[in-house]
2 protein chains.
Amino acid sequence: MNEHQTRLEEVIAKLRANGHRLTPQRMAVLKVLVRDREHLNVEQIYEHVKADFPMTSLATIYKTVNVLKEMGEVMELGFHDDCARFDGNPCPHPHLICINCKKIMDIDIDDLDELPREVARRKGYQIISHRFEFYGICPRCQETSN
Amino acid sequence: MNEHQTRLEEVIAKLRANGHRLTPQRMAVLKVLVRDREHLNVEQIYEHVKADFPMTSLATIYKTVNVLKEMGEVMELGFHDDCARFDGNPCPHPHLICINCKKIMDIDIDDLDELPREVARRKGYQIISHRFEFYGICPRCQETSN
DNA sequence: TTACTAGAGGAAAATGATTATCTATTAGTA
DNA sequence: TACTAATAGATAATCATTTTCCTCTAGTAA
């Protein structure tokens, strides 16, 4: 799971450059979000961090995640029926979400990149970001419900 | 602003068919959401309803909106940095959102309807719904910031 | 290595949106 | 016109998230 080791180091460097510190708790958050690229909520990140640092407070996770968000190194995905999930890849990209087990995965769809530009042109908006999500039932959950 | 008068009447009929009642407060909520198709949050709906019925409680708006949501006649759009907005058109459709003035408008994009089916085929998911949103700055807000 | 200091952590209180509760009221029906 | 279950209104409760306040420590410089 060392896929995004390089970006992990970049984020750490940027953290320091912005006058922030690299604490063990922060390192643990970065590992699970930026390096392992899991799409977790704060409670789930908290569980991961507590495995290594049992004294950790939930507030610390919230603070860390907000620092990363403000630096633009992490993206927040808010939902109506659930708490927010965080993505270590801050560039907008489509997601596929199982409404049963709540798993979130990235998907590649080629034609989509052109869309924001077209909307900007047609509507006169200055497009900053976008959000493409598909909600459904993943293969595993389809099986277990039968 | 009588664009969606027919659907307003359909929703009222369905409300009654489901054993619900049509109260003046509910009628006011339906008018602003289903007939006028504004994309409002609960507080904004509350203000509209209070104009006609000053005694209305915020809790009533929440309850009404939840009844409509459970009946599938209204769609909820949750955001990370703001409270939920409601859309009187429950069929998934793309939105264009100004991050400055928070205005939400519907947009037409032809090619998008095929996408959920393609994702379903490629990933083995049973796609139930989707969400396409573009975030940017509307022409009016671009002017005022200069 | 040590000392310094601003940033960070921990615990708990505060906040704010949303939901639940509990009567009094009323829409729809007989 | 009366009946009754659904609804309104007021308020308390809930839950995710933020803030506060004080102690601790990462990073730096002597």
### Task
Using atom CZ of B/Phe86 as one end and atom P of C/dA17 as the other, report the distance to the nearest whole Å.
13 Å

### Task
Compare side-chain N and O positions of A/Arg21 against OP1 and OP2 of D/dT25 and report whether any pair is under 4.0 Å apart.
no

### Task
Check every atom of C/dT18, C/dG10, C/dA20 against the side chain of B/Ala59 and return the nucleotide holding the closest atom.
C/dA20

## Note on the structure
The nucleotide from C/dG10, D/dA8, C/dA17 with an atom nearest the side chain of A/Ser57 is C/dG10

### Message
Please verify the inter-ring angle class for A/His93 with A/His39; under 30° counts as parallel, over 60° as perpendicular, anything in between as tilted.
### Response
tilted

### Task
Identify the heavy atoms of B/Val74 and B/Pro90 that sit nearest to each other, and give their distance.
N-CB, 3.9 Å

### Query
Do you know the tightest heavy-atom contact between A/His95 and A/Asp87?
NE2-OD2, 2.8 Å

### Summary
Here the distance between atom P of D/dT17 and atom CG of A/Asn41, to the nearest Å, is 8 Å

### Task
Measure the distance from CG on B/Asn18 to C1' on C/dA27 and round it to the nearest whole Å.
16 Å

### Query
Has A/Asn66 got a side-chain N or O lying under 4.0 Å from the OP1 or OP2 atom of D/dT18?
yes

### Task
Quick one: closest heavy-atom pair of B/His130 and A/Tyr135, and the distance?
CA-CD1, 3.9 Å

### Task
Assign A/Gln25 to base, sugar-phosphate, or nothing according to its heavy-atom contacts below 4.0 angstrom with the strands shown.
sugar-phosphate

#### Entry: Within 6.0 Å of NZ in A/Lys103, more than 12 heavy atoms from elsewhere
no

### Query
Under 6.0 Å from the CG atom of B/Asn18, do we count more than 12 heavy atoms belonging to anything else shown?
yes

### Message
On DNA chain C, does the nearest nucleotide to B/Leu22 precede the nearest nucleotide to A/Leu15 from the 5' side, or the other way round? Give the residue.
### Response
A/Leu15

### Message
Please confirm whether the shortest side-chain N or O distance from B/Thr23 to OP1 or OP2 of D/dA8 is below 4.0 Å.
### Response
yes

### Query
Rounded to the nearest Å, what distance is computed from the CD1 atom of residue B/Ile12 to the C1' atom of nucleotide C/dA27?
14 Å

### Message
Tell me the interatomic distance from B/Leu58, atom CG, to D/dA13, atom C1', rounded to whole angstroms.
### Response
15 Å

### Query
Partners of B/Glu70 by side-chain hydrogen bond (donor to acceptor under 3.5 Å, both in side chains), sequence neighbours excluded?
none

### Query
B/Lys63 NZ to C/dT19 C1': how many Å, rounded?
9 Å

### Query
Quick one: is D/dT18 close enough that its OP1 or OP2 comes under 4.0 Å of any side-chain N or O from A/Tyr62?
no

### Message
Looking only at the side chain of B/Pro24 (C-beta and beyond, no hydrogens), which of the listed nucleotides C/dA27, D/dG27, D/dA8 gets closest?
### Response
C/dA27

### Query
What's the CD-C1' distance between B/Glu43 and C/dA17, to the nearest Å?
10 Å

### Query
What parts of residues 46-53 of chain A reach DNA chain D, counting only heavy atoms under 4.0 Å away?
none

### Message
Could you tell me how far apart B/Glu76 (CD) and C/dT19 (P) are, to the nearest whole angstrom?
### Response
7 Å

### Query
Mapping B/Cys83 and B/Arg16 onto DNA chain C by nearest heavy atom, which one lands closer to the 5' end?
B/Cys83

### Summary
Comparing nearest nucleotides in DNA chain D, the 5'-proximal residue of the pair B/Val67, A/His20 is B/Val67

### Message
Strictly below 4.0 Å, N to O, side chains only: are A/Glu76 and A/Arg85 in salt-bridge contact?
### Response
no

